[in-house]
Structure formats: structure tokens, C-alpha cells
Amino acid sequence: REIEGDRLRPLLSAAAAREVYEVDRTAQAIIAGGYQRVALQFPDTHLTNATLVSRLLKEEHGVTAELFILADTSSGSCCVDEVAAAHYAADLVVHYGGTCLSLTSRVPVLYVFGREELDTQDLAQKCLEESDMLEEDGGRTHVLLAYDVGYAHCAGEAGRALAEAGAAASVVVSEIDAAARLYTPPAAGPKPAGREAPATAQACGQGAASCCGGCAKPSAATALAESDADDAPGSVQAGRTYTLAAGLTLADYVLVYIGGEGSALTNLLLTWRTRSAFSYNPGPRAWRSETQQTNRHLGRRYYAVQRARDADVIGLVVGTLAAARYLGVVRRLKEMVRRAEKKLHVFVVGKLSMAKLANFAEIQCFVLVACPENSLVDGKLFDRPVVTPFELMLALARAHEWSGDYVTDFREFLERSRDAVDRGGPPNAREGEEEDGGSGSDEEAPHFSLVTGALKQRRRYAQAAGGIAVAAEGGSDVAVRNNKTDIARYLGSAAAEHLLTRAFRGLGHDNDNGSGNDEGGDGGGADTTAEPMLAVEGRSGIARGYRTAEHQDDRI
């Protein structure tokens, strides 16, 4: 059986489950924090061991808190399901398996990554034999080692193996800070009396590297989340920290990723602008160059940006209700679309699917607000482009050019989009005409579409008094002439306009106003309205031989 492209994990023994799911550390964190209702969130691939882990916590470690298992998450399994946890009034979520490391906004979360097996010596050997990582001057390059969270327990050992094998001049191992493994969001507020966690980082009796997580100071996690460093020593990107050598940037490093192909690797390839990239899959022990794959990903994303630029009706899909700052991103996108005078519809969905989005045929482009890993969807699965907030910013902002940087982090997007909105020009054409001295705004000029290869006159949706959206073309007023076409433009209804373009608009619409006219009839003004008639019995039987009324007995 396979679930979401990954194999269902086999049922482990009690001894193996203690190690893989870090039962000791989890129990220490629950007891140290004094939590009373704890949600154990397992991805679908790990559900076979969920009850075993719950039983070990209760029976072997004396956890008195009420435990319940979360499955079939509201959004992607990499995100903390705060909505389901809130339904059960959970005061802690223990997240197992792969994660996007997005900060939560309401409920504290303890991350348990699991322990995947890795042959570090084979990794070093493959790096020496199958990679072309030598610089032109014959010297060895610098390596930045990243990994799937399941290999966090052996990342340091892998880095030492690469350095000892002489695979690189220096090896920088990205880390997941211990303070971020138990993150308490500010919105969670102070704990009730008697539930204070120990104040020191070693209160659990463990060293800083193996701390249970319950002793981590919230200020350390907050400092990690709020760090503003970018491509500098001590940077925080994609939920990981790294410290580069003095005088070097990411462009001087080669990225080596440990793990299989997936959304985590794609996110790193797009956001970490290293000189080149390679991946090592410990399962089949395969080494592969990812540089060309990165270029293909960027090409697909750039094509989606161009389609978003041509779109006049945009759907904002909220795919997460847990990631911190998602509400700020939604508000910023609404402001950007309003200033661009495009039509916007907002949807709240769980897991994205073609069937959900296909219900809204009038929408020409969707922008997905989700965690960094879930927001990078494959455009081949949908008939409309699905872009990220950063890509929509590129499509809407006139003065912003794509330098090659790619942003999936909400904090960084809010910073960059604030500058783009400030430079994005006036919110409507009238203000633009005043700035241009009455010579007319560039907004009314058509733009060249790289998708169709022709000039495209964009559709403008203004905002009228009282919050009623109206459609305007070229800044001119709209006069209502009949109830068939112009009323749709007056109300700014993209759905009504789309309906008018369809050949079939449902039953009972042969004549819209009930009387013959030369717009809805045959051109000659004849009344095409059919006379009402009684229902008659039709065909019966099976598909290979229907019986019509002529062949049936008279039943009257």
C-alpha cells in the first residue's frame, strides 16, 4: 500500500519505536511543561505506529496527560494541524515525521523528526567518485550540507565524513536549533500557574544538543524566527540555520542534500542560491546533480508568473490556518490586487485538488497561501496557473524585476512586498492621470503577453462607493442598456461575464426576457419561446435495447 507517494511504514517493535519516535524526549517535554491535553499528529505513512507510541508514553513513562491521535490533516501533513488540535482543546501538539518547520500561531508544538538510516561512508564515497565538484583552479570547493529532517540526528556525522574524506575544502552543516523543536507562539499566552517550564536550558539533565525540548527558552525560538539575517553568517532560511565562512556567500558553496526527491528539496533548490546542487538519496544510495532540475523548476515558475500577469480575475486560496503571519500575507495580497484593479475571490480550502478549483471556471489564476513546501504545486495538475504570493507580486508590480531570488518565507515576503506596493504606482487610473499631468496613465496601455504572443488589454475592476465592485474599461462610465450583458459589467461580476461566453447556460434560457427580440432570438425578432407542454413518458429499458413509446403497450 502506498500513501501520498511514500510507502506505509511497517509496524515497529517497542524498542525500535522508542528510538525512532524519541519517546523518552517526548515524555520529558510533556511532563516538564505540565501539559494536560496533548495531540499526537502523525502523517499517513506513520499511522501504523501511532497507537504503539501513545501506549509507550502512558505505560512506560507515566504521562498523565490526555493523549489523542490526529490523522488526515486539514492541510499538508508537513504542517501542524492547529485547527483539529483546537477542536479538542489541545495545549500541545507533538508533530511526527517530515515537516516544513513553519512556526505555529496558536498552539505550542514539539517536533519529533524520527530517525532515518544513513550510510555516511557511502555518502562520502559517492561525493568523491560521482560528483564534479572541483573548481577551475584545481582547489576543492565549499560544501553546504542540508538534509531532510529525518536525518537530523546524523547530520553532524555526515558532515565529518565528508570533511575527513577530503570531498571539500570546508563543510558547513545546516542545523535545526533545539529551541525551535519546542516552539511556543506568543499568541498562546502564559501558562497557567504550576505549569512553568524549567528556566535553564539543561533543566532536563541533558546536554544542549540532546535537550528534551521542554527546557528551551521561548526567547531563543522567537529570536530564531525573527532573525532578519539574509545570506550572511548565521542566516536562517527554510527553517534551518547555518554559519558560512567569513567573506563567503551562498554563491560560493555547493549544496549537498540528503534525502529523497520531494517538496523539501524543491524548496531548498529555489530559495538557496548556491553555485550548484547535488542530492544523495540514502534509500537506493543514488547521487544526482540537481542544477538542471533547478533551472527547469524556475522555468515552470516563470511561465506561471506570465500567466498570472495576463489574468484579470484572481482567486486567493488560503491553504493553511496555522502558519504564522498567514493573515498578514492575505491582507497584503488583497491590497496588491486592489491597487492593480483586478477582480479577487477568496477561498479557504484544506488540501488542494483539481476538483475543488475546477468549480470556479471564471477564475483565470489562483494564488496559494500555504507553507513553503505546499505552496510549490505542480502546474500540470491544474487547468489554471497556481502561483505563490511572491510570484503574484512579480506579476502585479510594474517596477519590480525578478533578479533570480525566490521567496517562500512569509516574513521575507511581507518585507519585500511592502517595498513593491510602495513602488507599485497609484491605486487607480485617476490618480495616475494626475501624476502624469493629465496625459493618461500607463495602466490603460495594453501589454505584450509572453504567453499568447500578442498585445493584451487588461480588464479593470474598480471599487465603487459602498464597497460595490464595478467593472470599468478605460476609466469611462458604464451605462446600463439591457439586462443581458451590461449589468454584469456594472456589478463587476466575473462569473456573470463568464456565463455569457458559454454556448449552454442551462435550461429555460432560450429567451432571457421572455419575449422575442433580435438579440436573443434568430435575428428576425420572432418569438422563440416554446409553449409549455405536459411531461411524456420517454424511453425505457437497458442500453443495448431501449424501448420507445411506439413499441410499448398502451398503459392508459
Side-chain angles (χ1 to χ4, degrees), residues 19 101 113-181 206-211 224 227 229-261 264-265 267-269 271-291 293-294:
E19 180 180 1
L101 299 173
F113 302 138
R115 293 174 176 265
E116 302 288 348
E117 297 181 356
L118 173 65
D119 188 343
T120 57
Q121 297 302 320
D122 183 70
L123 168 64
Q125 189 66 22
K126 287 290 197 303
C127 185
L128 285 174
E129 293 178 357
E130 301 183 25
S131 65
D132 184 13
M133 299 168 55
L134 300 180
E135 296 184 352
E136 296 180 356
D137 58 2
R140 298 190 183 278
T141 187
H142 305 275
V143 169
L144 176 59
L145 184 64
Y147 45 87
D148 187 77
V149 294
Y151 303 97
H153 67 285
C154 57
E157 181 183 353
R160 289 190 295 272
L162 290 177
E164 293 172 358
S170 64
V171 179
V172 174
V173 181
S174 61
E175 299 178 355
I176 301 172
D177 193 89
R181 298 194 178 193
Q206 304 292 330
S210 59
C211 176
L224 175 67
S227 173
D230 183 17
D231 197 15
S235 292
V236 181
Q237 290 190 7
R240 295 166 171 83
T241 64
Y242 54 84
T243 302
L244 307 182
L248 298 180
T249 64
L250 279 178
D252 301 315
Y253 281 79
V254 170
L255 174 64
V256 175
Y257 177 81
I258 302 174
E261 184 177 3
L265 174 59
N267 184 37
L268 289 176
L269 292 177
T271 56
W272 290 17
R273 297 189 62 192
T274 55
R275 185 167 62 87
S276 57
F278 299 86
S279 67
Y280 174 76
N281 192 341
R285 300 189 176 187
W287 178 275
R288 187 177 71 171
S289 173
E290 299 288 349
T291 304
Q293 185 75 2
T294 304

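Each of L145, T141, L244 was checked for a side chain to side chain contact (heavy atoms under 4.5 Å, CB included) with Y253, and the lone residue meeting it is L244. Across L268, L265, L269, a single residue satisfies side chain to side chain contact (heavy atoms under 4.5 Å, CB included) together with S279, and that is L265. None of T120, D148, L123 except one satisfies the side chain to side chain contact (heavy atoms under 4.5 Å, CB included) rule with I258; the exception is L123.
To the nearest 0.5 Å, atom NE2 of residue H153 and atom CD of residue E117 are 8.0 Å apart. Here R240 contributes atom CZ and W272 contributes atom CH2; the two are 6.5 Å apart, rounded to the nearest 0.5 Å. With rounding to the nearest 0.5 angstrom, the OH atom of Y151 is 13.5 Å from the CZ atom of R115. Note that NE2 of H142 is 13.5 Å distant from OG1 of T274, once rounded to the nearest 0.5 Å. To the nearest 0.5 Å, the span separating SG on C127 from OH on Y280 amounts to 11.0 Å.
Under the 4.5 Å side-chain criterion, counting only non-hydrogen atoms from C-beta, E290 is not in contact with Y257. With a 4.5 Å cut-off on side-chain heavy atoms, V173 and L162 do not count as touching. Counting heavy atoms from C-beta on, the side chains of W287 and V256 come closer than 4.5 Å. Residues I176 and F113 form a side-chain contact, since some pair of their non-hydrogen atoms from C-beta on lies under 4.5 Å apart. Y242 places a side-chain heavy atom less than 4.5 Å from the side chain of L250.
What you find for A155 and Y147 is that their closest heavy atoms are CB-CE2, 3.3 Å. The heavy-atom pair separating G247 from D252 by the smallest distance is O-OD2, 4.4 Å. Across all non-hydrogen atoms, the minimal contact from L118 to P282 is CD1-CG, 3.8 Å. Listed here is the closest heavy atom pair of S174 and A146: OG-CA, 3.5 Å.
For E164, the side-chain contact (heavy atoms from CB on, under 4.5 Å) criterion is met by R160, not counting sequence neighbours.
Without hydrogens or angle criteria, N267 side chain to A264 main chain gives no donor-acceptor distance under 3.5 Å.
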